[in-house]
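What follows is a set of notes on a single structure, which appears directly below.
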Amino acid sequence: MKKCKRLLCMLLLITTVFTMISAIPIHTFAAVKTVPQTTVYRMKQYYKISHAVIDPNSPYLYFTDMANKKVHRLNYETGKTISISFKLKPERMIIHKGLLYVTLLKKEHSPYIFDEDQEGVIGVLDLKTFTLKKQLDVNTDPYDMTVDRNGNLYVSSGSGQHTSLKSYSLITNQENHWARIYDASFIEMHPSMNKIYSFSSNISPRDGYAYNISNGKFIEGGYKGGYNSPYHGEYPMTPRFALSPDGQYIFNYAGTVFGCGAADYYDMNYITKLNSPFNAIAFNVKDNYFYTAVKGKKVEIYDQLTLKNVSSLQTQGDSEYLFYKYSKLISVSKHSSGFYFIEVLKGPQLSRSKAPQNVKHYLPYNANISDTEIDPVKSVMYLADPANSKIYGINYQNFSVSEVKLNLPPERIVLKNGKLYVTLLKMPHDHYTDEDKQKGAIAIIDTDTMKLLKQFDIRLDPYDIEVDKNGNIYISSGSGQSTSMKIFSEKTGEELSSSYMRSAYFIEYNTRFNKIYAITTRSSPRDIYAYNIENGKFAADIYDSPYHGDYNMSKALKISPDDKYLFNGGGFIFNASNVKKEDITFVKKLNKGFTDVAFDVVHKRFYTVVEDKFIYSYHYDSFEGIGTYTSKGAIQSLDYKDGKLIALTKIKDRGYIIEKFNP
């Protein structure tokens with residue numbers, strides 16, 4: 001009798017009560033003729049589904065039933081269902097390492113319940129036994145959640161207005177850290193487990209946000225609360241979204257696709273728009289397809305390599321949740337009369353036609369190319385992609401691709417003596433970060449093997465890079481105001497010399513005069529500076545051009561192959577000289593400004609990129625115009641090699657291609 005009383009007391013102490021109930025009868029409907037091999041299960045227990053997730057290792061679907069305070073588990077192969085009851089309302093779920101995490105609400109979500117008055121519970125269920133393992137009291141109103149690899153739980157708040165995204169240790173059950181977030185925001189963990197994304201729900205225009213994390217801590221700090229997308233109402237967004245399993249894309253349910261980027265300012269960039277908004281999405285990782293559930297009882301099928309719609313399927317109801325598993329699409333569909341049912345569809349067998357490999361090569365759609373270099377010997381263009389932390393080597397004759405995966409986002413590259421020298425970002429460029437707080441790295445890659453030879457850290461935020469004939473590496477700073485340009489040893493990585501410089505200068509090395517030319521990007525009027533080098537160190541004599549606003553210069557600066565001229569994107573040509581009074585003096589103004597320039601030394605011509613899509617050709621001796629060419633898209637870079645102009649072009653909704661012109 002005493003044992004029974006003690007057992008009853010223990011049960012009463014548990015705030016969440018769960019019960020196992022008998023299986024709910026399932027009725028199998030006839031398959032729709034237009035959808036081959038379709039099985040439909042009608043759920044005879046009527047309830048509104050608040051959320052649904054699929055077990056990655058077993059044939060189970062899990063549903064939250066807020067009205068009845070239950071979580072249901074349904075075997076979509078047999079139709080058998082068991083349920084757990086709670087004292088609190090379950091709302092959202094995630095599955096992580098064999099555990100089902102459930103948000104349990106103590107109050108209804110409200111924008112007028114602020115942080116200090118919020119509370120809730122997270123229930124943790126063992127998937128093998130479908131029993132409650134533990135529960136965690138949280139000092140927030142739980143709305144959505146995610147988990148990292150170190151056992152830290154991140155919970156967004158469903159109440160308040162400017163509220164909190166909090167992290168909790170699942171080991172100690174204590175709060176780790178917090179960051180600002182808008183109320184009722186869905187959150188998703190990036191596959192790298194070092195970043196969380198969200199979209200706001202109760203503000204207009206809607207915006208996307210990202211939070212860099214490290215073992216339960218928000219790197220940007222609590223009050224700052226991560227960083228937002230570069231847009232403010234330009235593209236349609238909904239609060240709901242999904243990340244692709246490879247971590248390259250953000251699929252917003254409005255049908256808008258954004259790219260993920262390792263560096264903050266290469267993150268959440270617009271890529272394309274799908275055919276239609278959708279209310280569910282599923283991914284076929286093996287075959288590189290994804291599926292979106294749209295209005296009209298329809299599932300659209302997309303090729304993830306091109307982000308193009310390739311086919312569609314008809315369903316018997318409007319799909320509210322969609323999953324892909326074991327070559328089958330599993331839809332949680334809703335009938336027009338209000339009841340839910342499960343549709344299990346065999347995934348369609350699709351084949352891709354091979355794209356023509358003539359004058360172009362498509363990079364990943366989320367690629368954000370920050371710099372390019374052309375190989376002087378091989379038919380290869382090298383590209384830096386900070387969004388994916390990769391360097392690509394693309395053979396523009398046969399379009400074979402090699403790549404180097406880096407542990408930091410690359411930004412600028414320079415090719416010297418068969419090696420690529422790469423700046424690696426550890427922080428965003430920030431005008432207010434002084435030099436003593438700056439950090440970055442340099443990578444060196446062998447272009448024959450496309451292998452990383454060396455990487456070393458530097459105490460500078462690298463903005464641009466140059467290398468001299470002795471292998472000395474010149475780096476300008478991207479942060480601070482009064483900062484430095486530094487010289488580093490390729491062999492040892494040590495700092496050899498430093499010279500005063502304002503931040504964010506593009507630099508060019510003049511081999512003939514052993515001199516660095518630098519152009520300002522943040523000051524007005526823009527100016528060009530000369531830094532002489534003596535014995536691998538900066539000489540004392542630093543000087544600028546003799547002009548101050550006389551010529552409307554742009555950021556673009558390139559030295560001609562013979563080291564005689566400085567070509568500025570404003571359309572201006574200046575002398576390069578070892579004599580100070582003759583250096584950086586005006587020579588000629590072209591009829592058009594440009595964003596890039598390429599040189600044909602043999603035929604004494606040069607070519608400029610004008611207004612993104614046009615290439616202007618000129619005589620090198622007279623600087624007189626010859627003709628024009630037109631590209632398919634916006635030219636990002638232009639080179640001349642082996643009698644051809646080679647352009648990296650970006651086409652809206654199609655990504656990057658390589659174009660070749662016969663001048």
Side-chain angles (χ1 to χ4, degrees), residues 39 41 43 49-65 71-84 90-103 122-134 144-155 170 186-197 240-251 260 278-293 299 301 304 319-333 340 342-347:
T39 304
Y41 297 119
M43 299 159 61
I49 293 175
S50 305
H51 192 216
V53 295
I54 194 167
D55 193 317
N57 302 312
S58 303
Y60 296 130
L61 289 168
Y62 297 88
F63 307 101
T64 49
D65 175 4
V71 171
H72 305 290
R73 183 177 78 180
L74 181 144
N75 186 318
Y76 56 82
E77 292 181 348
T78 66
K80 300 295 183 181
T81 301
I82 57 176
S83 303
I84 291 181
E91 186 177 36
R92 300 278 300 173
M93 300 174 290
I94 56 169
I95 292 176
H96 182 72
K97 292 184 176 179
L99 298 174
L100 179 71
Y101 296 82
V102 186
T103 62
I122 306 297
V124 185
L125 281 68
D126 188 317
L127 291 183
K128 290 182 178 179
T129 61
F130 198 49
T131 57
L132 184 67
K133 183 176 181 180
K134 63 182 283 189
D144 200 9
M145 58 186 165
T146 188
V147 182
D148 68 18
R149 64 169 58 92
N150 297 315
N152 297 296
L153 179 73
Y154 301 82
V155 184
L170 293 173
F186 293 109
I187 59 175
E188 291 277 348
M189 178 72 69
H190 190 268
S192 65
M193 295 284 182
N194 60 14
K195 187 176 294 188
I196 292 172
Y197 290 95
R240 296 185 65 192
F241 67 101
L243 300 179
S244 61
D246 60 10
Q248 291 189 347
Y249 306 110
I250 306 168
F251 291 92
C260 296
F278 55 91
N279 52 25
I281 187 169
F283 298 92
N284 176 352
V285 176
K286 179 182 176 182
D287 302 314
N288 279 311
Y289 290 104
F290 64 92
Y291 312 87
T292 61
V299 172
I301 305 172
Q304 191 164 319
S319 177
E320 293 202 350
Y321 299 93
L322 192 64
F323 308 99
Y324 183 89
K325 187 177 172 186
Y326 301 147
S327 301
K328 293 180 180 179
L329 276 171
I330 302 155
S331 171
V332 181
S333 300
Y340 291 89
I342 311 301
E343 300 184 66
V344 182
L345 300 82
K346 185 176 180 181

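Not measured: the values here are computed from a predicted model.
For Lys133 (side chain) and Leu99 (main-chain N/O), no donor-acceptor pair under 3.5 Å exists by modelled atom type. Under a 3.5 Å cut-off, the side chain of Asp55 and the backbone N or O of Asn57 do form a donor-acceptor pair. Between the side chain of Ser331 and the main chain of Leu322, no donor-acceptor pair closer than 3.5 Å is present. The backbone N or O of Leu125 lies less than 3.5 Å from no partner atom in the side chain of Lys134, so there is not a single donor-acceptor pair. Proximity of a side-chain donor or acceptor of Asp65 to a complementary backbone N or O of Val71 within less than 3.5 Å is not detected. In this structure a side-chain-to-backbone donor-acceptor pair under 3.5 Å is present from Ser319 to Tyr321. With hydrogens and angles ignored, the 3.5 Å screen pairs a side-chain donor or acceptor of His190 with a backbone N or O of Gly247. Between the side chain of Asp126 and the main chain of Phe130, no donor-acceptor pair closer than 3.5 Å is present.
Distance NE2/His51 to CD/Glu320: 11.5 Å, rounded to 0.5 Å. A distance of 9.0 Å separates CG in Asp148 from CG in Leu153, rounded to the nearest 0.5 Å. Rounding to the nearest 0.5 angstrom, the gap separating the OG atom in Ser58 from the NZ atom in Lys325 is 6.0 Å. Atom CD1 of Ile330 sits about 9.5 Å away from atom CG of Leu345, to the nearest 0.5 Å. In this structure, Thr103 OG1 and Arg92 CZ are separated by 8.0 Å, a value rounded to the nearest 0.5 Å. Between Leu243 atom CG and Cys260 atom SG the span is 5.5 Å, to the nearest 0.5 Å.
Between the side chains of Thr64 and Glu91, not a single donor N or O lies within less than 3.5 Å of an accepting N or O. Remark: the His72 side chain and the Ser83 side chain contain an N/O donor-acceptor pair separated by less than 3.5 Å.
Proximity of Tyr197 to Thr146: side-chain heavy atoms (C-beta onward) are nowhere separated by under 4.5 Å. Considering only heavy atoms from C-beta on, Leu127 comes within 4.5 Å of Tyr62 through its side chain.
Taking the six-membered ring where tryptophan is involved, the planes of Tyr291 and Tyr324 are essentially parallel, since the angle between them stays under 30° and well short of 60°.
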With side chain to side chain contact (heavy atoms under 4.5 Å, CB included) as the criterion, how do Phe323 and Leu329 come out once you've worked through the C-alpha distance, each side chain's angles and the decisive distance to 0.1 Å? CA-CA 6 Å; Phe323 308 99; Leu329 276 171; over 6 Å; no

Pair Met93-Tyr101, side chain to side chain contact (heavy atoms under 4.5 Å, CB included): steps then yes or no: CA-CA 5 Å; Met93 300 174 290; Tyr101 296 82; over 6 Å; no

Stepwise, does the side chain to side chain contact (heavy atoms under 4.5 Å, CB included) test hold for Met145 with Tyr154? CA-CA 5 Å; Met145 58 186 165; Tyr154 301 82; over 6 Å; no

Are Val332 and Ile342 close enough, and set up right, to give a side chain to side chain contact (heavy atoms under 4.5 Å, CB included), and what steps lead you there? CA-CA 5 Å; Val332 181; Ile342 311 301; 4.0 Å; yes

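Heavy atoms of other residues, nucleotides or ligands lying less than 6.0 angstrom from NZ of Lys328 number 12 at most.
Residues meeting the side-chain contact (heavy atoms from CB on, under 4.5 Å) test with Ser244, sequence neighbours left out: Asp246, Gln248, Tyr249, Phe251, Phe283, Gln304.
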